[in-house]
Amino acid sequence: MERRLQQLFFALSILALVLIVAAAWQANTPSWKTYQHNFLQLEAQGEPNAVAKAAVLATPPEIHQVMLTGLQRVDRCTTCHLGVEDPTMKDAPEPFRYHANLGSHIPSKFGCTICHGGQGLATDKEAAHGKVAFWPNPLLSNDYIRASCGRCHKEGDVPGVPELTEGRRLFESQGCRGCHKLNGVGGSIGPDLTAEGANHRAPEWLEQHFLTPNAVSAGSAMPNFHFTREQARALTYYMLSLTSEEMGSYYSSVRVIPGPEYGRKLFEEKNCITCHNVGGVGAKTGPDLMGVTTRHSLEWLDEQLVNPELVYPGSSMPAYDLEPNARKALVAYLNSATPADIQLLLAHKNHPLTPEDVGIEAGKADFARFGCAGCHGTELQGGVPNPNAQGGEVPSLLHLSDDYTKDEVIAVIRNGRAPPLDNTAGPTPPLYMPSWKKVLSDEDINRLADFLWSKQEKKKESW
Ligand code: HEC
Ligand code: HEC
Ligand code: HEC
Ligand code: HEC
Ligand code: HEC
Ligand code: HEC
């Protein structure tokens, strides 16, 4: 009983202290009305006409609010940030400064918090900036704010944000999916990352975790990939962009920003060059695409990419399943493609693929896509620590043919396997070989085995 009273007394004195500090602090923090008053003074300064000046100064204070149903939020930031749309305020002090580079992301349609974070409804500064207890989503610092662009622009390149493209690429090539699910695809040894950006991890935490998982998450089974600081930053951007928010169709219509860089990537990926040439460089099955954007209208070209058969009956050109912005990106690339650039594209290509190569290539793609690389390494070298498994690490896949037949390997991939323990009294090793039969078709598994077989190294002769 006495102990209870002591605790109560202690709690009450803390509360009193908090209230005193809060009151003192509030007295020093101007309210939104003060900011509006100061803003009007600033505006009135440049006004030569006395009547107009008086009218500006007489504007009654009011809360400025943007309802963003498509983004499921209400933002009041412009109650204080009053000059964001006024270019004459480009040198004004904050919170009155003009916002450069908003482009089509105008405040009345986008508000502020979708990019910046913070608490949209709040009207005092600390709360609005989200630097208060129980508000999990504080303003992103300038180092990370451009990660938000990836919440809406999900594929292709976002102008000025190469980190997002690189982060996405690393995620797909390093085998993260071996342990993590993203949008339903992947393993479950690590947490699901579908909404990692809404998970309230500070950007700094994520970045440090990529540099040394163990430094922020003791005993983590996540391998140290020895990323550079730039790579860790790129992955952090990508993670922050994964919020799986519901957005209105207007906002999600721009998954891909149609630009020539992305178009070039598609042109390469879709192997358009195996039939076409540009100014004579490339193949001759299809027409020269040099100047094609001047010969046809944009609508015609778009239609041609959707359904070549409709435009040219009997066409041998495949119909590609490309979304509208991807088609625009391709056309943007065709508009600027030069023979010299095609030469560069062709320099990347090896010899034409045989059907066998095609199977191996597909196996290689599956190896990356399903995250095998996350545990076995991008070069199949193994070596990810796996405490108390025999050998202490995930095995290399470069010497399978010494110990197994191809069918045995197929069986391991299908059924999975827990590694034998080093010390039977010790803990279960964190990493095991998952069973893939529910995820991969037999055809996929066979192609994976073909790929692994193409990589086997001869056993070094020992003396
Ligand atoms: C009560 C007024 C007020 C409101 C409401 C407000 N801000 Fe601010 N904001 C300021 C002031 C004042 C500054 C200038 C820097 C300072 O004093 O901290 C500022 C600075 C900023 C900065 C510059 C970086 C920084 O932290 O200094 C950003 C970004 C920002 N605000 C975003 C927002 C967003 C987003 C919202 C809405 C969720 C918002 N603000 C709502 C007053 C406000
Ligand atoms: C489309 C995303 C986006 C939207 C929407 C957006 N901003 Fe920004 N904002 C940015 C980016 C990007 C920067 C630049 C950061 C930098 O300088 O690298 C920035 C910079 C700022 C800065 C200057 C920060 C500093 O320290 O220099 C302020 C203040 C700011 N924004 C406030 C707002 C307010 C208020 C709104 C809503 C009216 C808003 N922003 C809407 C993306 C956005
Ligand atoms: C809430 C979703 C959303 C976010 C966040 C967002 N955008 Fe956009 N973006 C759009 C939409 C929607 C359009 C198309 C606007 C239109 O045409 O009306 C667009 C258009 C663009 C365009 C095409 C050119 C233009 O300005 O119209 C570029 C470039 C662009 N965004 C870059 C960015 C960058 C950079 C960021 C981060 C600072 C960003 N976007 C953040 C939704 C978003
Ligand atoms: C979560 C980590 C993890 C992922 C993801 C993973 N593996 Fe494994 N794999 C292991 C471990 C651990 C072993 C060792 C099992 C043992 O010792 O019995 C193993 C064993 C194997 C073996 C047998 C090697 C040997 O020498 O015994 C093959 C083949 C294999 N994995 C292929 C794959 C393929 C293909 C994929 C992707 C479809 C994949 N693995 C994904 C962890 C993983
Ligand atoms: C299998 C061969 C083949 C591939 C692959 C192919 N095309 Fe074609 N394409 C053709 C042929 C053949 C034509 C000529 C008209 C026809 O018969 O359909 C054509 C016509 C075109 C035209 C109209 C040219 C004009 O001057 O009328 C465009 C544009 C075009 N292709 C773009 C592309 C793009 C972009 C890709 C890659 C995404 C691509 N093609 C992939 C065979 C191909
Ligand atoms: C061998 C399995 C494995 C691989 C491969 C792996 N992770 Fe992890 N990851 C984990 C485990 C286990 C955790 C939970 C422990 C921790 O926080 O480190 C984790 C945690 C994380 C977290 C923190 C989640 C949170 O908020 O708690 C992120 C983000 C993450 N991983 C991203 C990645 C990315 C990106 C890659 C690819 C570059 C990757 N992981 C590869 C096993 C793995």
Side-chain angles (χ1 to χ4, degrees), residues 29-32 34-35 75-81 93-97 111-113 115-131 139-142 145 167 170-171 173-180 182 186-193 196 199-201 205-206 209-210 213-214 216-223 225 227 231 235-236 238-239 363 366-367 369-376 380 382 384 386 389-391 393-397 399-400 403-404 408-410 412-413 416-420 429-434 436 439-440 444-445 448-449 451-452:
T29 311
S31 78
W32 61 269
T34 313
Y35 287 116
D75 281 5
R76 293 176 166 174
C77 314
T78 47
T79 299
C80 298
H81 288 271
E94 289 297 8
F96 306 139
R97 197 176 300 151
C112 316
T113 55
C115 288
H116 282 281
Q119 186 173 195
L121 273 172
T123 51
D124 87 66
K125 192 182 79 178
E126 306 299 318
H129 292 180
K131 290 167 184 154
L139 285 188
L140 285 167
S141 72
N142 278 356
I145 168 160
L170 285 169
F171 188 85
S173 66
Q174 300 300 306
C176 313
R177 279 192 208 266
C179 297
H180 294 284
L182 176 61
S188 31
I189 286 172
D192 190 324
L193 298 177
E196 181 65 16
N199 204 10
H200 321 312
R201 289 289 190 196
W205 187 96
L206 287 167
H209 186 263
F210 286 126
N214 272 312
V216 286
S217 186
S220 174
M222 175 150 148
F225 288 84
F227 289 129
Q231 289 173 320
L235 279 165
T236 302
Y238 185 49
M239 292 298 116
D366 280 349
F367 193 81
R369 176 163 144 67
F370 292 99
C372 316
C375 290
H376 292 288
L380 285 61
V384 171
N386 200 15
Q390 265 172 31
E393 47 187 48
V394 179
S396 150
L397 301 178
H399 303 281
L400 293 169
D403 302 321
Y404 301 104
E408 284 168 337
V409 163
I410 288 173
V412 174
I413 301 174
R417 211 166 64 190
L431 304 180
Y432 55 88
M433 172 66 182
W436 294 89
V439 183
L440 297 170
D444 283 328
I445 294 178
L448 270 167
F451 166 63
L452 294 177

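As the structure lists them, so they are numbered: ligands from 1, and atoms in each ligand from 1. Since we're looking at a predicted model, the values are computed, not measured.
- Within ligand 4, counting atoms from 1 as listed, the ones closer than 4.0 Å to a heavy atom of Ile189 are 1 (C).
- With a heavy-atom cut-off of 4.0 Å, Tyr432 touches ligand 4 through its backbone alone.
- Taking only nitrogen or oxygen atoms, main chain and side chain alike, His376 reaches within less than 3.5 Å of ligand 4.
- Of all protein heavy atoms, the one lying nearest to atom 20 (C) of ligand 6 is His209 CE1, 3.5 Å.
- Shown in contact with Gly178 at under 4.0 Å from a heavy atom are these atoms of ligand 4, numbered in order with element: 5 (C).
- Within the listing of ligand 4, atoms 29 (C) sit less than 4.0 angstrom from a heavy atom of Val409.
- Looking at Pro430 against ligand 6, nothing comes within 4.0 Å, counting heavy atoms.
- Ligand 1 lies less than 4.0 angstrom from a heavy atom belonging to Thr113.
- At a distance under 4.0 Å, no protein heavy atom can be found next to atom 27 (O) of ligand 1.
- For atom 8 (Fe) of ligand 6, protein N, O or S atoms under 2.8 Å: 2 in total.
- Note on atom 8 (Fe) of ligand 1: protein N/O/S atoms under 2.8 Å are His81 NE2, His129 NE2.
- Within the 4.0 Å heavy-atom criterion, the part of Lys131 lying near ligand 1 is the side chain and not the backbone.
- Put simply, Cys375 stays out of reach of atom 8 (Fe) of ligand 4, with no N, O or S atom under 2.8 Å from it.
- Residue contacts with ligand 6, taken as heavy atom pairs separated by less than 4.0 Å, involve Leu431 solely via side-chain atoms from C-beta onward.
- Residue-ligand proximity, Cys112 to ligand 1, at heavy-atom distances under 4.0 Å covers atoms 35 (C).
- Of the N or O atoms in Ser396, none lie within a sub-3.5 Å distance of an N or O in ligand 4.
- Among all non-hydrogen protein atoms, the one lying nearest atom 12 (C) of ligand 1 is Tyr35 OH, 3.3 Å.
- Shown in contact with Gln119 at under 4.0 Å from a heavy atom are these atoms of ligand 1, numbered in order with element: 38 (C).
- At a 4.0 Å cut-off, not a single heavy atom of Tyr238 sits close enough to ligand 6 to count as contact.
- Annotation: Ser217 places an N or O atom under 3.5 Å from an N or O atom of ligand 6; distance criterion only.
- For ligand 4 and Tyr404, the ligand atoms under 4.0 Å from any heavy atom of the residue are 25 (C), 26 (O), 27 (O).
- Residue Pro420 touches ligand 4 through its side chain alone, judged by heavy-atom distances below 4.0 Å.
- Close contacts of ligand 1 with Thr123, meaning ligand atoms under 4.0 Å from a residue heavy atom, involve 1 (C).
- The option from Pro419, Ala389, Pro395 that lies nearest to atom 13 (C) of ligand 4, judged by heavy atoms, is Pro395.
- For the pair Trp32 and Cys80, the tightest heavy-atom approach, listed with the atom from each and the gap, is CB-SG, 3.8 Å.
- With a heavy-atom cut-off of 4.0 Å, Asp366 does not touch ligand 4 at all.
- Residue-level proximity to ligand 4 for Leu400 is carried by the side chain, the only part with a heavy atom below 4.0 angstrom.
- For atom 16 (C) of ligand 1, a protein heavy-atom neighbour is present inside the 4.0 Å cut-off.
- Considering backbone and side-chain atoms alike, Trp436 places every N or O at 3.5 Å or more from each N or O of ligand 4.
- At a heavy-atom cutoff of 4.0 Å, ligand 6 is contacted by the side chain of Leu206 but not by its backbone.
- Taking a distance limit of 4.0 Å, we find that atom 34 (C) of ligand 1 is approached by some protein heavy atom.
- Each of the atoms 35 (C) of ligand 1 lies under 4.0 Å from some heavy atom of Gly117.
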